Amino acid sequence: YRFDGVDDVINLDALGVALSVAGNTTGAIRWVGSLQDMSSDYDRYWSFGNSGVNEYVSLGSHTVNGTLFCSFKVGGTDQWVFTSDKAFSEDTILDIILVQNGTSPVLYVNGTLEAITFVTSTDLTVWFADATGIDQGRIGCLKVDGANSNFSKQTCSFFGVTNFAPTAS
């Protein structure tokens with residue numbers, strides 16, 4: 001699906017609720033797509049949030065430097081925020097997997113463990129079991145406080161979620 005960067009989204013509210021109430025402390029979220037237009041900063045590929053702004057997890061890219069970023073907020077406080085050390089450019093196909101292994105989030109890009117730098121590391125073990133207010137989900141934007149923002153201009157060809165932490169093997 002090619003997102004227009006204006007108002008295109010895929011609604012995942014039921015999945016957001018299911019992830020929140022399941023009590024999972026580990027898991028993975030996979031997004032496969034191609035970077036088509038890097039002209040919008042803080043372009044969000046996917047997000048799960050609540051109707052307030054105090055809990056959400058999202059993944060996207062910074063267009064100013066081409067790095068990926070991911071953040072998880074619980075109770076109004078950033079629990080962990082990281083950026084990829086490697087930059088990516090337009091016309092690149094990416095298979096991105098965010099894994100919470102129970103110890104720390106890790107990021108795989110195209111099957112390779114990606115080097116990341118934590119901007120915030122309050123509690124690296126946080127996952128959906130800690131964010132019981134999550135009741136919304138989107139592919140193609142950030143969804144918090146009942147509003148869609150930071151719309152994606154990328155193409156998503158696959159999206160998946162697991163309730164376990166896959167390993168590199």
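In this text, all values refer to a predicted model and were calculated from it rather than measured experimentally.
A donor and an acceptor atom, one from each side chain of D43 and S152, are located under 3.5 Å apart.
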Determine whether W80 and C70 satisfy the following criterion, side-chain contact (heavy atoms from CB on, under 4.5 Å), listing intermediate values before the conclusion. CA-CA 8 Å; W80 48 263; C70 190; 3.6 Å; yes

side-chain contact (heavy atoms from CB on, under 4.5 Å), that's the test. Do Y56 and S71 meet it? Break it down for me. CA-CA 8 Å; Y56 68 85; S71 60; 3.6 Å; yes

Please determine whether side-chain contact (heavy atoms from CB on, under 4.5 Å) holds for the pair V109 and K86, giving the CA-CA distance in whole Å, both sets of side-chain angles, and the decisive distance to 0.1 Å. CA-CA 10 Å; V109 177; K86 181 178 178 181; over 6 Å; no

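Applying the ring-ring contact (aromatic ring centres under 6.0 Å, His included) rule to F88 yields no partners; only residues at least two apart in sequence or on another chain are considered. Residues passing the side-chain hydrogen bond (donor to acceptor under 3.5 Å, both in side chains) test with D123 are T125, sequence neighbours excluded. Listed by chain and residue number, nothing satisfies the ring-ring contact (aromatic ring centres under 6.0 Å, His included) test with F164 (two or more places apart in sequence, or in another chain). Every side-chain hydrogen bond (donor to acceptor under 3.5 Å, both in side chains) that D85 has, sequence neighbours left out, goes to T117. Taking the side-chain hydrogen bond (donor to acceptor under 3.5 Å, both in side chains) definition, one finds that T25 meets it with nothing, sequence neighbours left out. Legend: residues meeting side-chain hydrogen bond (donor to acceptor under 3.5 Å, both in side chains) with T122, ordered by chain and number and at least two apart, are absent. For D95, the salt bridge (Lys or Arg N to Asp or Glu O under 4.0 Å) partners are R30, not counting sequence neighbours. For R44, there are no salt bridge (Lys or Arg N to Asp or Glu O under 4.0 Å) partners, not counting sequence neighbours.
Contact annotation: the side chain of S89 never approaches that of L35 to less than 4.5 Å [non-hydrogen atoms, C-beta and beyond]. The shortest side-chain heavy-atom distance between D130 and F72 does not fall under the 4.5 Å cut-off. Put simply, the side chain of L107 reaches to within 4.5 Å of the side chain of L68, judged on heavy atoms. The shortest side-chain heavy-atom distance between V6 and F151 does not fall under the 4.5 Å cut-off. With a 4.5 Å cut-off on side-chain heavy atoms, F82 and L98 count as touching.
Of the possible polar contacts, none joining the T83 side chain to the F69 backbone as a donor-acceptor pair under 3.5 Å is found. A donor-acceptor pair under 3.5 Å is formed between the side chain of E55 and the backbone N or O of G133. Remark: the backbone N or O of L124 is paired with a side-chain donor or acceptor of Q100 at under 3.5 angstrom.
Through chains of ILVMFWY side-chain contacts below 4.5 Å, F158 is grouped with V32. In this structure, I93 stands alone, with no Ile, Leu, Val, Met, Phe, Trp or Tyr side-chain heavy atom under 4.5 Å from its own, directly or through other members. V81 belongs to a hydrophobic cluster whose other members, connected by ILVMFWY side-chain contacts under 4.5 Å either directly or through intermediates, are V119.
Applying the salt bridge (charged side-chain N to carboxylate O under 4.0 Å, His left out) definition to pairs two or more places apart or across chains, none involves residues 14-27.
When all heavy atoms are compared, the tightest approach of F128 to V57 is CZ-CG1, 3.7 Å.
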